[in-house]
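These notes are about the structure you will find just below.
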Amino acid sequence: MKLFDAHVHLSDPEYAGHIDELIANARAAGVVALVTNSTDLKTCQSDLKLSEKYANLVYPALGIHPWNVNVLKENELEQTIDLIQKQKDVVKAIGEIGLDCKYETTWEKQMMVFDKMLHLAEGLGLPVIIHSRGTTDKIVEMLPSYRLKGVLLHWFSHSISTLSRAMDNGYFISEGPPATYSKGMREIVEKVLLTHFLTETDGPVTYWKRPYNGQLTKPSFIRNVVEAVAEIKNMPVDNVAQQIAENFEVFFNVKLS
Ligand SMILES: [Zn+2]
């Protein structure tokens, strides 16, 4: 079974020194593609290097995360945009970008950076990977005014009504390990169109509940997610995995061998 991690942060300091081990673990578990999401200029540079080192396995999504808007260095936004434009042929998405209600003190700046990232995605014809904690309604409302190639709402946890609006707009959602234990997330998985669904770990995150028991995220957890989706949707696990593989190719415009 081929597995996919559509949203992970390989350049996060928590993974430092463990990437070779993580990649070996991913290959052993059947993970055939990981999209590493950057969060600032430094992680953009490092994610590009990782995608070179692990070509045809690690793909870069580059952008500025709303959590970093507050600590952007002088010219960092411009330099990040410049780097992404130069690397447009290897970049698979603009991400992780979005809005976070917990960081409302920088709301105007968050909006400014998010808008710049969305325009960048429009200009380059790339899909976007969205962080929308507490802001999903707002984002689903504002995105149709941009001409975007594709939208992935990662770790979607908002209401079923917002989910149906997102589905109507043709957006994708991705879910991770909580799909095995979270009632709310299982309801979302039940309702989501499988043709618009992707799996993720969002690593590094520590998932405390069973069957993860406080381990730092590993790509092998993706299998648990696929199995949970198959159980919730009452489908054979291989069919679920096959559909996710097709979705991955469509969304990120990659042809996997
Ligand atoms: Zn993330």
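When a ligand or atom number is given, it counts from 1 through the structure's own listing order. Quick caveat, the model's predicted, so the values are computed rather than measured.
- The Zn ion (ligand 1) has no N, O or S atom of Glu200 closer than 2.8 Å.
- Of the N and O atoms on the side chains of Asp202 and His9, at least one donor lies less than 3.5 Å from an acceptor on the other residue.
- Per residue His7, closest N, O or S atom to the Zn ion (ligand 1): atom name NE2.
- Placement of Tyr146 and Tyr171 within a single hydrophobic cluster is found when ILVMFWY residues are connected by side-chain heavy-atom separations under 4.5 Å, directly or transitively.
- Closest heavy-atom contact between Leu256 and Phe248: CD1-CD2, 4.0 Å.
- Side-chain atoms of Gln110 do not come within 3.5 Å of backbone N or O of Val69 as any donor-acceptor pair.
- No other N/O/S atom of Asp202 lies as close to the Zn ion (ligand 1) as OD1 does.
- At least one N, O or S atom of His9, from either the backbone or the side chain, sits less than 2.8 Å from the Zn ion (ligand 1).
- Among the candidates Val31, Leu22, Asn25, Leu3, the single residue satisfying the side chain to side chain contact (heavy atoms under 4.5 Å, CB included) test with Ser220 is Asn25.
- Nearest N/O/S atom of Glu96 with respect to the Zn ion (ligand 1) is recorded as OE1.
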